Amino acid sequence: MAGRATALSGLLAVGLLAGCANMADEGRAEANDPLEIPNRFVFALNETVDTFVLRPVAVTYRDWMPEPGKDMVRNLVDYLTSPVILANDVFQGEWERAGVTSKRFFLNSFSAGLYDIAALEGYEKHSEDFGQTLAVYGVPEGPYLVLPLIGPSNPRDAVGLAVDMVLDPLNWYAWNTDREWIGYSRAAANAVDARARSIEALDDVKANNFDYYAAIRSLYRQRRDVEIRNNRGTDGGSATSPFRDYVPGGKDAATK
């Protein structure tokens, strides 16, 4: 999948937020998770893949890949996602952010996306996807879903993911030149890098919550709410996602 992710922010807040995740979610669980039984089954399958494949690879990557190498992987994934982000900036009428995305893509092209030159010039990266675009136009999220390998989602975000895949010029190139390995390689790099950056945070959530499934469900919703508001809190101030890097198999495993 395409995704999305940067250095994990708010690690100190994760334990506190995750600890109250079940309480925060109780009022929404029945209405927003009518497929909880099959969702939990898919969640368990995803967790098996994570336990025996993704996490061990991510630990090896974290421990053995030099920090400059990790940064280059992250920067390249972000760079390749720029056309999709730009399209959704435009769809949402976020012209200033669209300008930032365009400048970032232009400047970072000088390093083939391996170095975040644009950030040094004051153009900070941000994320947009078609799921957020649909939310901006008032499309409801629908019931909570856990998708195989993709992870936490909902009908709106699932449709958004499919549209983003079609919008992505790299996917079009891969599909039309029989180079599907390009997309798979990018998805794998994104998933491993994002998982490596959130190993301790996810371990902490799992250790401090009796119901790991419910905690991840709540954290996913919190993260998406923040992203839809473009990191602006309900009072107009800034907000940071406690789990912006990785929710198992979530959007950040695809694009960020």
Side-chain angles (χ1 to χ4, degrees), residues 1-8 46 49-50 53-62 64-89 101-102 104-119 125-133 147-153 157-199 223 227 243-256:
M1 297 298 164
R4 32 226 336 228
T6 57
L8 187 65
N46 289 346
V49 174
D50 182 71
V53 180
L54 184 55
R55 189 182 188 281
V57 173
V59 169
T60 302
Y61 173 84
R62 178 197 62 182
W64 290 95
M65 173 70 80
E67 285 301 322
K70 295 175 189 174
D71 290 339
M72 285 191 287
V73 170
R74 181 76 267 142
N75 291 335
L76 180 59
V77 170
D78 289 337
Y79 172 76
L80 294 175
T81 309
S82 296
V84 174
I85 295 174
L86 176 60
N88 283 289
D89 284 335
T101 302
S102 300
R104 283 185 53 79
F105 186 76
F106 174 75
L107 291 172
N108 289 342
S109 293
F110 288 101
S111 68
L114 296 176
Y115 296 96
D116 196 350
I117 301 171
K125 58 190 172 185
H126 64 270
S127 174
E128 291 292 350
D129 58 67
F130 200 73
Q132 294 176 56
T133 297
L147 303 177
L149 299 181
I150 305 299
S153 188
D157 286 348
V159 170
L161 178 61
V163 172
D164 285 337
M165 291 179 66
V166 174
L167 289 174
D168 194 329
L170 185 62
N171 283 339
W172 279 98
Y173 171 76
W175 295 335
N176 287 284
T177 58
D178 294 325
R179 291 183 172 91
E180 286 82 2
W181 61 267
I182 294 175
Y184 299 139
S185 298
R186 178 175 59 172
N190 187 32
V192 171
D193 180 76
R195 187 65 176 92
R197 293 173 187 268
S198 57
I199 291 172
R223 179 172 64 82
E227 289 174 340
F243 239 101
R244 52 184 282 200
D245 245 336
Y246 187 79
V247 175
K251 179 184 75 67
D252 290 329
T255 177
K256 176 118 179 146

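Nothing here was measured: the structure is a model prediction, and the numbers come from that model.
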Q: Spell out, as yes or no, whether a donor-acceptor pair under 3.5 Å connects the side chain of Asp193 to the backbone of Ala189.
A: no

Q: Which heavy atom in Tyr61 sits nearest to a heavy atom in Lys70, and how many Å separate them?
A: OH-CA, 3.4 Å

Q: Do you know which two heavy atoms are closest between Arg179 and Tyr173, and how far apart they sit?
A: NH1-OH, 3.5 Å

Q: Where is the tightest heavy-atom contact between Leu149 and Asn46, given as atom of each residue plus distance?
A: N-OD1, 2.8 Å

Q: Nearest 0.5 angstrom please: Met65 CE to Met72 CE, how far?
A: 8.0 Å

Q: Looking only at heavy atoms, which two atoms of Pro56 and Asp50 are closest? And how far apart?
A: CD-O, 3.7 Å

Q: Going by side chain to side chain contact (heavy atoms under 4.5 Å, CB included), Leu80 matches just one of Ile182, Asn190, Leu170. Which one?
A: Leu170

Q: For Ser127 and Ile85, which heavy atoms make the closest approach, and how far apart are they?
A: CA-CD1, 4.4 Å

Q: Verify whether one side chain among Asn75 and Tyr115 offers a donor that lies under 3.5 Å from an acceptor in the other.
A: no

Q: Does any non-hydrogen side-chain atom of Lys125 lie less than 4.5 Å from one of Asn108?
A: no

Q: Give, for atom CZ of Arg195 and atom CG of Leu54, the distance between the pair rounded to the nearest 0.5 Å.
A: 6.0 Å

Q: Taking Asn171 for its side chain and Val166 for its backbone only, find out whether a donor-acceptor pair lies under 3.5 Å.
A: no

Q: Measuring from Ser111:OG to Leu76:CG, what's the distance to the nearest 0.5 Å?
A: 9.0 Å

Q: State the CG-CD distance between Asp164 and Glu128, to the nearest 0.5 angstrom.
A: 10.0 Å

Q: In Å and rounded to the nearest 0.5 Å, what is the OG to CG distance from Ser82 to Asp89?
A: 10.0 Å

Q: Restricting to non-hydrogen atoms, name the atom on Leu147 and the atom on Ala158 that form the minimum distance, rounded to 0.1 Å.
A: CD1-CB, 4.2 Å

Q: Roughly how far apart are Thr60 OG1 and Arg62 CZ, rounded to 0.5 Å?
A: 9.5 Å

Q: Between Arg74 and Asp116, does any NZ, NE, NH1 or NH2 come within less than 4.0 Å of an OD or OE carboxylate oxygen?
A: no

Q: Do Pro83 and Leu167 have side chains that get closer than 4.5 Å, going by heavy atoms?
A: no

Q: Examine distances only and state if a side-chain atom of Asp157 and a backbone atom of Gly160 form a donor-acceptor pair shorter than 3.5 Å.
A: no

